[in-house]
Amino acid sequence: MFFQNSDNNLLSSLNPEQLAAVTWPPQSALVLAGAGSGKTRVLTTRIAWLMQNGQADVHSILAVTFTNKAAKEMYARLSAMLPHNLRAMWLGTFHSLCHRMLRLHAQDAGLPKTFQILDTADQAALIKRLLKQMDIAEERLHPRVLQGFINAQKESGLRASVLEASDPHTRLLVQCYTEYEDICRREGVVDFAELMLRSYELLEHNGHLRRHYQNRFRHILVDEFQDTNKLQYAWLKLMAGGGASVFAVGDDDQSIYRFRGAHVGNMAELMREFHIDGPIKLEQNYRSVGHILQAANAVIANNEERLGKNLRTEAENGDKIRFLSAYNDLEEARFIAEESRCLQKDGVPLGQIAVLYRSNAQSRIIEQQLFQAGIPYKIYGGLRFYERQEIKHALAYLRLAVNPDDDNALLRVINFPPRGIGARSIENIQAAAAEQGCSLWQAACGMGEKAVKIAAFVRLINTFTEQAPVLSLPDMVREIIDDSGLYRHYQNQKQAAEQERTENLDELHTAAIWFKPEDSPFETLPENAAEQPTFPILAFLSNAALESGENQAAEGQEAVQLMTVHAAKGLEFDAVFLSGMEEGRFPSELSINERGGLQEERRLMYVAITRARKKLYISMAQQRMLHGQIQFGTTSRFVDEIPAELMHYLSPAQSDFARQQHLSASPNRIRQDAYESIENQNFHGYRIGENVRHNKFGTGVIIDALDKGTSAKLTVNFGKQGIKELDTEFAKLEKLN
DNA sequence: TAGCCGATAGTTTTT
DNA sequence: CTATCGGCTA
């Protein structure tokens, strides 16, 4: 065989910790893998090693990742490492694997063959419709609350029928949940949580299937285990019930999705229930320089209930962490832009520079400054491809072509583009549907030719339905875009932004051309695919729902990368700007009051710090424009948790004018001149950036200082109390650290 | 029915 | 401040 299958090749470059994890005997294990410790590599190599040694084959492995991107990456890496055809391997996200199972056993799971997947927005739309139908005002029950309730219940494995309500509000929620389940059943749609729960129940109730899968999967491998929710853990337990080994990899310190149901406790639970003596720790970091790693370790050490690990590196200490307490958000953004330019001049590729922030709203001003400075940038976040309205509209037509009973899809496009079917007509259809207990589509069909506009719409959908089994997927998509009038509608709009939507519709057509259901390892090809001519459409739609378009940063972009800290998880950059480090923003005000919220924020901080390889900048704005108002902020407590000896404090130039002078005079020296370093400067026991309390002005931050010999004059920002100048000789200041 | 205007709310996000 | 949504008017 050409392929070099020797252990040496596969394992040679692993460190002892990694080697121990990869070659762990076929028993369950928990790998506690710190940031940058080669976690994905261990997981991938473990699979390859198992297969090389004949301990596992393509069919006996179940590998779960958290994102589609990670699944694809793992698939690519494994394909490069192994001579096997991996198509049959069950590798994917929890949801795509459950989807695969439900497509294969739709009937046993009590689902129609053509069941569709609701994404978050679809689910929200359905819930709004439900509340309106039940005549429940938003003040009484906000749609978001109900959506959260339903998802939380499903993720706890609870159906409406088993819920008991003691108070009226809960009773209402349960009542709505019951109705929601009913609507989903009628329309043949499943939400994300339902994919998990339905799959779980299928295995639980169907002993035959359960035994089949339990016998099949001997090795279950899970990535990002700290982000699993309770239902996913229960699903894994069920799958492993036949004695399979569970090899879970995760980092409790990087668990940042508690707000959407992630349960870090699963790690301890796994050790207990699978009789794992202790975690295998990967503590060797290959990413960051010493100072950055020390900062990360120091910050996270403030958390309790950790499984416990301490990252180490053989790298040099590197630069200190540069900290800037800017006067306002504009100043902060300008600093980031200028410093990016300097980094670029120093040879750092722009794509290796990231600007991180706690919330998306903070990106705008940074974006503006980068734009003004002529620095290319790319923002991650916001709408993704399959979430765009024009794409959702086109897909709604496609859904109707394979399943006209999909009320959600029908309502979305029955009058888009506008075709004279207004609220009144839709109410009529809804009334008829309610009376006959049928779908909106069936009601619309029953309205007869008198309702001219509705009849025309019915004919339109009917032509699509007829074409669906005949045309190829790309032709079908083109037909829908053109004949629905969508394309023309956007073309005729005045605003350029609306006209640009046609480009996305063209892109959807292109996506359909490239989409090959049989090529996708994450899709399932039913045995009777040939007899189901609309299968490509179903697969395309499912793919669109499950993979709403890549949102995570990709390599090789020659642009500064702007994203939230959450979005940066799993990525790394040579230089990182961590912006908006103000108390109340990061940690977020809202989470401080939540139980365990602060610890989660600190983990987020830990994730942020460990994204940086060589240079880390931390900045805050003493004044920030938020919701149209100026907010005053003090330095985040997390910044104070970084030992001062790792920090290098920068002070902003005294005036914009001064900076402009420097800018035009010597662009290369901006950094030195505009942001004068005041490191090690101790102003009679105080330093810039420090938080202090004054018994009259409250808490504030030292933003500037002047040594006067016998005393120092401190400029302190007391937020709402304003900026005050205080002399260390007279003022009574208490340090807050 | 369609488009416009005013009120309102406003973490983090993948599936 | 600004995006979104619902209600109101032409």
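Chain letters run A, B, ... following the sequence lines, proteins first, then strands; residues in each count from 1.
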Would you please classify the geometry between the A:H566 ring and the A:Y257 ring as parallel, tilted or perpendicular, with 30° and 60° separating the classes?
tilted
Please tell me whether A:E601 and A:Q599 have a donor and an acceptor in their side chains that are separated by less than 3.5 angstrom.
no
C1' atom, B:dT14 versus C:dA3: distance in rounded Å?
23 Å
Distance alone, cut at 3.5 Å: any donor-acceptor contact between the side chains of A:Y327 and A:Q623?
no
Does a donor on one side chain sit under 3.5 Å from an acceptor on the other, for A:N408 and A:R129?
yes
Could you go through nucleotides 4-7 of chain C and list every protein N or O atom that sits under 3.5 Å from one of its N or O atoms, giving the distance for each pair?
unit_1, atom_1, unit_2, atom_2, d
C:dG6, OP1, A:K128, NZ, 3.3

If you look at every strand shown and take non-hydrogen atoms under 4.0 Å, does A:A545 touch a base, only sugar-phosphate, or nothing?
nothing
In whole angstroms, how far is the P atom of B:dT13 from the CD1 atom of A:I379?
13 Å
Take the protein atom CD of A:Q123 and the nucleotide atom P of B:dT13, then report the distance between them rounded to whole Å.
18 Å
With sequence neighbours left out, the residues meeting salt bridge (Lys or Arg N to Asp or Glu O under 4.0 Å) with A:E387 are A:R384
Spacing between A:L330 atom CG and C:dC1 atom P, to the nearest angstrom
15 Å
Would you check if there is a donor-acceptor pair between the side chains of A:Q226 and A:D251 at a distance under 3.5 Å?
no
Indicate for each nucleotide in nucleotides 3-12 of chain B, in 5' to 3' sequence, whether protein heavy atoms under 4.0 Å reach the base (B), only the sugar-phosphate (S), or nothing (-).
-------BBB
Please work out whether the ring planes of A:H105 and A:Y213 are parallel, tilted or perpendicular, with thresholds of 30° and 60°.
perpendicular
Relative to the ring of A:F457, is the ring of A:Y397 parallel (under 30°), tilted (30 to 60°) or perpendicular (over 60°)?
tilted
Between A:N68 and B:dT15, does any side-chain N or O lie under 4.0 Å from OP1 or OP2?
yes
Euclidean distance, atom CD of residue A:Q147 to atom C1' of B:dT14 [Å, nearest integer]:
14 Å
May I ask you to say what A:R585 touches in the nucleic acid, namely base, sugar-phosphate or nothing, with a heavy-atom cut-off under 4.0 Å?
nothing
Does B:dT1 have OP1 or OP2 under 4.0 Å away from a side-chain N or O of A:R419?
no
In whole Å, what is the span from the CG atom of A:N543 to the P atom of B:dT14?
16 Å
Basic-acidic side-chain contact under 4.0 Å: A:E547, A:K72:
yes
Just N and O in the side chain of A:N415: are any of them under 4.0 Å from OP1 or OP2 of B:dA2?
yes
B:dT11 and C:dG6: how far apart are their C1' atoms, nearest whole angstrom?
25 Å
Quickly work out the A:Y357 OH to B:dT13 P distance and round it to whole Å.
9 Å
When you get a sec, tell me which of C:dA3, B:dT15, B:dT1 is the closest nucleotide to the side chain of A:T93?
B:dT15
To the nearest Å, how far apart are A:N229 CG and B:dT15 P?
14 Å
